[in-house]
Amino acid sequence: MTLRIYNFLGREKQEFVPLEEGRIGMYVCGPTVQDYAHLGHAKTYISFDVIVRYLRFSGYDVLYVQNITDVGHLLETGEDRILKKAQQLQAKPMAIVEHYMREYFADMDALGVRRPDISPRASAHIPEQIEMIQRLLEEGHAYEVNGNVYFDVTTAHDYGKLSNRRIEQQQAGAREAVRDEKRNPEDFALWKRAEPEHILRWNSPWGEGFPGWHIECSAMSRKYLGPTFDIHGGGIDNIYPHNENEIVQSECANHAEFARYWMLVGTLLVPDPIDGTPVKMSKSLGNFIRIRDALQQYRPEVLRMNALSVQYRNPVVYSDEAMQSMQAGWERLYGAARLVRQQMNTAPETDDGNAFLEVLDKTRAEFIEVMDDDFNTPKAIAALQELTREVNSLLNSDQTIGLSTLQAINTLYEELGGEVLGLIPAAEAEAGGDSRREAGLIELLIELRAKARAEKNYAEADRIRDRLQALGVVLEDRPDGTIWRVQ
RNA sequence: GGCGACGUGGCCAAGUGGUAAGGCAGGGGUCUGCAAAACCCUUAUCGCGGGUUCGAUUCCCGCCGUCGCCUCCA
């Protein structure tokens, strides 16, 4: 069983072979912390979260690095974005980025996205960036003009190899005013001179300024993962110019191959309010939904389900309709896992139901096979859904099921659905300590209702059920008793 | 205009050179005091036109359509 990954460099599925057996160095482009994260970020980082979780599940020792961009970049108007925000809020720029960085982590935590091993900040790696720029200057790949340093793309023979853009194809100045300072329209800034009004600025050999957008990823990935590492990830919308420029400057500065496998994830789309066509969720279009706002409406697992409902390279739509479908699908999955846990409390210590272990083995094998094939999460979820049908049938049959069988089912749900996909919450997350009293009260009411039912006092029984329903507590009568859940 | 991705049942979405997973929704049924939940049954020849092939949804060409990138964006 070998892992295969679709490598954007070369555009084909390839067998994954790490540089060092059993270990993986992985870098994923992180967010610019200038505002609250939205669902587009959620899609990308949930995708990589599951990829990293699965790699670890497969036994790899993964070092996962994801940068925090906090140095600010230029708008078309020439204003610094973070500076602009700082003026609005009358606050120091570093306080702004600190704030949004913390909120970013809070949002990701809420989504069940495990934190990267290292979250290096661009502002904390200015010397490394300057050093890399100097190397590029020495090697003749860059030139300085008036305190700005640009990379000369004509000095790299393979510029454009990731995005398949060749320099001669570009329409110079088509949508961007050609700066006279640049030798070629595709040349990009490594270092920018800070105008007097810029607060975010650092000393450099070329005067006070700030780093260009792409150099931070090159400098920080090199620092923590080395000149050559296994996997580089990001959103596909950054393939050009960001990823392309990262590659060219890193390979020219390091004289070494950069990332060996490029994994780029598809975009989150949202229906256009006018005609309903799906369009990219983005800050500039103003059609974004903050993660924290979406979490008011849907559980994190349901948001994850949506992100994982397509293969990671494909785009996915976020809409009420889609989310309701995800919600229903998730509830069936989780309902079965929860029922298994509930049955464990009363199950006999027999080995009845052991024949089911075969189904579990089959599910596990299927799950691994499809995840090994470029992380096919839709198929992996399908495997769990098929398992769920079997589990429900088993639980609804009149045969008694032994504890060991239930435990085996539960373990599989927790491993594949919980540990890898993050869709099934851990058992201990179900009933917090403060809800024990509430649970006791609900169970008391269930006892009263059971008494009423035994006396065929259905009016009273239904009244209790309806009142609880109104409070969001749903009762389900099963042959062996009534169970409840919070809606 | 250039580069790239995609177009599969009512909706979403896998997938394969030999007639197509899974989910959601709808309809019918079983179970239930009634519900709820669950389970069973039920709907597709894969954008259009050519070509390659014994055979294509899957490979190639063209067309149409949608999205992304080419400017800060995950």
Side-chain angles (χ1 to χ4, degrees), chain A residues 8 11 28-32 34 37-48 66 69 72-77 81 160 163-166 168-171 174-177 186 213 233-242 244 264-269 277-285 288 305-306 309-311 313-317 319 321-322 324-333 335-336 339 366 370 373 376-386 388-397 453 456-458 461-462 465-466 469 474-479 482-485:
Chain A
F8 257 85
R11 314 256 167 168
V28 172
C29 290
T32 302
Q34 55 169 336
H38 58 67
L39 290 172
H41 301 104
K43 200 274 185 186
T44 298
Y45 299 121
I46 288 169
S47 296
F48 284 111
Q66 185 190 111
T69 298
H73 299 299
L74 291 187
L75 287 172
E76 285 174 355
T77 59
R81 292 185 304 188
S163 60
N164 284 330
R165 273 167 220 271
R166 310 179 61 129
E168 52 270 29
Q169 284 174 344
Q170 304 283 319
Q171 289 189 306
R175 301 184 62 177
E176 173 192 13
E186 300 80 17
W213 174 32
I236 196 169
D237 46 351
N238 276 337
I239 189 171
Y240 184 89
H242 180 65
E244 202 69 81
L264 302 176
V265 311
T267 306
L268 185 83
L269 308 174
T277 56
V279 292
K280 180 179 162 180
M281 176 177 287
S282 76
K283 189 80 59 59
S284 50
L285 288 174
F288 60 92
M305 188 101 161
N306 189 238
S309 70
V310 299
Q311 212 276 344
R313 280 182 276 128
N314 294 330
V316 65
V317 177
S319 65
E321 194 189 10
Q324 270 162 34
S325 168
M326 290 303 148
Q327 171 95 29
W330 178 80
E331 277 173 6
R332 174 162 161 272
L333 206 58
L339 189 55
E366 171 74 8
V370 299
D373 184 14
N376 195 328
T377 53
K379 268 194 152 182
I381 291 170
L384 291 182
Q385 279 161 331
E386 288 180 72
T388 293
R389 180 165 15 88
E390 307 256 24
V391 167
N392 279 323
S393 294
L394 179 73
L395 261 35
N396 287 342
S397 69
R453 289 180 74 206
K456 298 212 188 308
N457 183 355
Y458 293 123
D462 290 350
R465 185 174 62 193
D466 292 347
Q469 164 91 308
V474 180
L475 301 190
E476 290 177 23
D477 296 327
R478 295 182 56 81
T482 299
I483 60 171
W484 64 277
R485 64 188 154 89

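- Using a 4.0 Å heavy-atom cutoff across all strands shown, Gln311(A) reaches sugar-phosphate atoms only and no base atom.
- Nucleotides U8(B) and A13(B), compared at atom P, are 8 Å apart to the nearest Å.
- Across G62(B) and C3(B), the matching P atoms stand 12 Å from one another, rounded to whole Å.
- Using a 4.0 Å heavy-atom criterion, one finds that Gly30(A) contacts the sugar-phosphate atoms exclusively.
- Interface remark: the Arg465(A) side chain does form a donor-acceptor pair with the A35(B) base, using a distance-only criterion of under 3.5 Å.
- The partner of C3(B), taking Watson-Crick or G-U wobble pairs whose two distances both stay under 3.5 Å, is G68(B).
- Rounded to whole Å, the distance from OH on Tyr458(A) to P on C34(B) is 8 Å.
- C67(B) and G47(B) have their C1' atoms separated by 15 Å, given to the nearest Å.
- Spacing of P atoms, C48(B) relative to C11(B), comes out at 15 Å, to the nearest Å.
- Under the 30°/60° scheme for interplanar angles, the aromatic rings of Tyr45(A) and His41(A) are found to lie parallel.
- A 3.5 Å limit on both hydrogen-bonding distances identifies no Watson-Crick or G-U partner for A20(B).
- Evaluation of the salt bridge (charged side-chain N to carboxylate O under 4.0 Å, His left out) rule for Lys379(A) yields no partner, not counting sequence neighbours.
- Summary of the strand contacts: Glu390(A) and Phe8(A) both lie near RNA chain B, and taking for each the nucleotide with the nearest heavy atom, the more 5' one is attributed to Phe8(A).
- Taking each heavy atom of Val317(A) and Pro278(A) in turn, the nearest pair found is CG2-CB, 4.0 Å.
- Remark: Arg389(A) engages no residue in a salt bridge (charged side-chain N to carboxylate O under 4.0 Å, His left out) (not counting sequence neighbours).
- Note: CD1 (Ile236(A)) to P (A74(B)) measures 15 Å, nearest angstrom.
- Annotation: U32(B) and A36(B) have their P atoms spaced 15 Å apart (nearest Å).
- With sequence neighbours excluded, no residue forms a side chain to side chain donor-acceptor pair (under 3.5 Å) with Asn457(A).
- Nucleotide U58(B) forms no Watson-Crick or G-U wobble pair with any nucleotide shown, as no partner meets the under 3.5 Å limit on both distances.
- Taking atom C1' in both U19(B) and U45(B), one finds a spacing of 6 Å when rounded to whole Å.
- Between the P atom of C31(B) and the CG atom of Leu395(A) lies a distance of 20 Å, rounded to the nearest Å.
- When Watson-Crick and G-U wobble pairs are counted only if both distances are under 3.5 Å, A25(B) pairs with no nucleotide at all.
- Val279(A) comes within 4.0 angstrom of sugar-phosphate atoms only, judged by non-hydrogen atoms across all strands, and of no base.
- The phosphate of G15(B) (OP1 or OP2) has a side-chain N or O of Asn376(A) nearer than 4.0 angstrom.
- In a base pair of the Watson-Crick type (N1 to N3 plus N6-O4 or O6-N4) or a G-U wobble (N1-O2 and O6-N3), with each distance short of 3.5 Å, C63(B) is matched with G47(B).
- Thr32(A) has a side-chain polar atom (N or O) that falls below the 4.0 Å cut-off from OP1 or OP2 of A74(B).
- Within the 4.0 angstrom heavy-atom criterion, no nucleotide atom of any strand lies near Lys283(A).
- Nucleotide G9(B) has no partner under the Watson-Crick or G-U criteria, as no pair reaches both atom distances under 3.5 Å.
- Distance from the side chain of Arg165(A) is smallest to C69(B) among A13(B), A74(B), C69(B).
- At a threshold of 4.0 angstrom between heavy atoms, the contacts of Gly234(A) are confined to the sugar-phosphate backbone, with no base atom among them.
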Worksheet item: When every nucleotide of nucleotides 21-28 of chain B is labelled 5' to 3' by its protein contacts under 4.0 Å (heavy atoms), B for base, S for sugar-phosphate only, - for none, what sequence of letters results?
Response: BSBS----
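- Heavy atoms of Tyr45(A) sit under 4.0 angstrom from primed sugar atoms or phosphate atoms, though from no base atom.
- When both pairing distances are held under 3.5 Å, G33(B) makes no Watson-Crick or G-U pair with any nucleotide shown.
- The shortest distance between side-chain heavy atoms of Thr482(A) and Arg465(A) does not fall below 4.5 Å.
- The NZ-P distance, from Lys43(A) to G68(B), rounds to 14 Å in whole Å.
- Within the 3.5 Å criterion, the main-chain N or O of Gly266(A) finds a donor-acceptor partner in the side chain of Lys43(A).
- Counting to the nearest Å, the P atom of G33(B) and the CZ atom of Arg453(A) are 7 Å from each other.
- Here the C1' atom of nucleotide A37(B) and the CD1 atom of Ile483(A) are 8 Å apart, to the nearest Å.
- Remark: the Asn164(A) side chain and the C70(B) base include no donor-acceptor N/O pair separated by less than 3.5 Å.
- Comparing Pro315(A) and Thr277(A) by the nucleotide of RNA chain B that holds the closest heavy atom to each, the one mapping nearer the 5' end is Pro315(A).
- Scanning both residues, Gly30(A) and Gln66(A), for their nearest heavy atoms gives CA-CG, 3.7 Å.
- Looking at residues two or more places apart in sequence or on another chain, you find no side chain to side chain donor-acceptor pair (under 3.5 Å) involving Asn376(A).
- The same atom, C1', is picked in G49(B) and in G7(B); the two are 16 Å apart, to the nearest Å.
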Item to complete: Applying side chain to side chain contact (heavy atoms under 4.5 Å, CB included), run through Arg313(A) and Val265(A) and close with a yes or a no.
Response: CA-CA 4 Å; Arg313(A) 280 182 276 128; Val265(A) 311; over 6 Å; no
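- Taking Ser325(A) as the reference, nothing meets the side chain to side chain donor-acceptor pair (under 3.5 Å) condition, with sequence neighbours excluded.
- Counting any heavy atom pair closer than 4.0 Å across all strands shown, Asp477(A) reaches a base atom.
- Of the candidates A38(B), A37(B), A74(B), the closest approach to any side-chain atom of Cys29(A) belongs to A74(B).
- Residue-level contact check: Ser393(A) touches the backbone only, with heavy atoms under 4.0 Å from sugar-phosphate atoms and none from bases.
- The residue Ser282(A) sits close to a base: some heavy atom pair falls under 4.0 Å.
- Going from atom CZ of Phe288(A) over to atom C1' of A74(B) covers 14 Å, rounded to whole Å.
- Using a 4.0 Å heavy-atom cutoff across all strands shown, Leu268(A) reaches at least one base atom of the nucleic acid.
- The gap from the P atom of C31(B) to that of A20(B) amounts to 33 Å, rounded to the nearest Å.
- We find that CG of Leu333(A) is positioned 11 Å from P of C39(B), with the value rounded to whole Å.
- Using a 4.0 Å heavy-atom distance criterion, His242(A) is classed as making no nucleic acid contact.
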